Amino acid sequence: MVSVPMMTVVAVAGFNASSGPGLGLIPSAEAAQGEAEGEAKGEAEGAAKGEGEAEGRAEGEAEGRAEGEGEAEGKAEGEAEGVSAKLKKAVRRPEGYTPYQGNVADLRAKGEKLFNDTSLSSNGLACATCHANGAGYNATFKNEYPHAVAMGKRDFGMDMVYLDEMVQICMVAPMAAEPLEWGSEELAALTEYSRVQQKEFIDKQ
């Protein structure tokens, strides 16, 4: 009766003390430590990988924003430049320029028709679109030409503007068309009719 429990105790004690590879039911301290270290290493590698991905995304987003800002700045600079250098030169009186000479009354009559002609523009505008009944002129319009004109200075870099140059500026800027041929009857007619507009503007002041 006593021997059975004793054998049981010995067997159990022998079982617990055994470290043979065949049993493996109770992990050793070394195995537990190895598993812990493995888990810690895996977590560290995962965290580092996550940080790397986050940094990559952040760098990509920063580069994308920088590129977008660069494009926006480039676009802004392009818009600020406005008129091309070619057109800036085209609206200026050429060297040795001599205006077309003709009958003043005939030029004014032709100029009035051209003043209301939308076919001169590429956007459906005519001179009269902005200047019907003397509207749309700045106060400086009363000054004798050549004189300083805000649009001429701002968009074309011209300190002083002749009246026929002002006609050309309006052709290029508001009306989005090519300037008239220098020395042409059309340019002389519009210029002469603009003198009529100027006189009427002065008389209203």
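No experiment lies behind these values; they were computed from the predicted model shown.
Between Val149 and Met166, some side-chain heavy-atom pair lies under the 4.5 Å cut-off. With contacts defined as side-chain heavy-atom distances shorter than 4.5 Å, the pair Val172/Pro179 qualifies. Side chains of Leu180 and Leu190 form a contact here, defined as non-hydrogen atoms less than 4.5 Å apart. Counting only heavy atoms from C-beta outward, the side chains of Glu186 and Glu181 never approach each other to under 4.5 Å. Between Met160 and Glu165, the closest side-chain pair of non-hydrogen atoms is not below 4.5 Å. You'll find the side chain of Phe156 stays beyond 4.5 Å of the side chain of Arg92, heavy atoms only. Here the side chains of Leu114 and Glu112 are not in contact, with every heavy-atom distance at 4.5 Å or above.
In this structure, Met171 and Glu178 approach most closely via the heavy-atom pair CE-O, 3.6 Å. The minimum heavy-atom distance linking Ile202 with Lys142 is given by the pair CD1-O, 3.5 Å. Nearest heavy atoms, Asn116 versus Ala126: C-CB, 3.7 Å. Closest non-hydrogen pair, Val161 versus Gly152, comes out as CG2-CA, 4.4 Å.
Checked against side chain to side chain donor-acceptor pair (under 3.5 Å), Glu185 has no partners two or more places apart in sequence or in another chain.
Listed for the Lys199 side chain is no donor-acceptor partner under 3.5 Å among the backbone atoms of Val196. Distance alone, capped at 3.5 Å, places no donor-acceptor pair between the Gln168 side chain and the Asp164 backbone. Judged purely by atom type and a 3.5 angstrom limit, Thr191 uses its side chain to pair as donor or acceptor with the backbone of Leu187. Looking only at distances, no side-chain donor or acceptor of His131 sits under 3.5 Å from a matching main-chain atom of Cys127. Although no hydrogens or angles enter the test, the distance criterion places a donor-acceptor pair under 3.5 Å between the side chain of Asn103 and the main chain of Ala105. Checking side-chain atoms of Asp106 against main-chain N and O of Gly102 turns up no donor-acceptor pair under 3.5 Å. A donor-acceptor pair under 3.5 Å is absent between the side-chain atoms of Trp182 and the main chain of Pro99, judged by distance alone. When atom types are taken as modelled, the side chain of Ser122 and the backbone of Ala176 share a donor-acceptor pair closer than 3.5 angstrom.
Hydrophobic clustering of Ile, Leu, Val, Met, Phe, Trp and Tyr side chains at less than 4.5 Å, counting indirect connections, unites Ile169 with Tyr193. In the hydrophobic cluster analysis, where Ile, Leu, Val, Met, Phe, Trp and Tyr join through side-chain heavy atoms closer than 4.5 angstrom, Leu163 is grouped apart from Val104. Residues Phe115 and Tyr100 do not share a hydrophobic cluster, clusters being chains of Ile/Leu/Val/Met/Phe/Trp/Tyr side chains in contact below 4.5 Å.
A distance of 9.5 Å separates CG of Asp203 from CD of Gln205, quoted to the nearest 0.5 Å. For the atom pair OG1 (Thr129) and CE (Met175), the distance works out to 7.5 Å, reported to the nearest 0.5 Å.
Between Tyr162 and Tyr145, the distance from one ring center to the other does not fall under 6.0 angstrom.
The neighbour count for Glu144 CD, taken as heavy atoms of other residues, nucleotides or ligands under 6.0 Å away, does not exceed 12.
Side-chain contact check for Ser121 and Asn123: at least one donor-acceptor pair (N or O, by modelled atom type) lies under 3.5 Å.
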Subject >> Stepwise side chain to side chain donor-acceptor pair (under 3.5 Å) test for Thr140 and Asn138 >> reply: CA-CA 5 Å; Thr140 54; Asn138 289 334; 4.9 Å; no
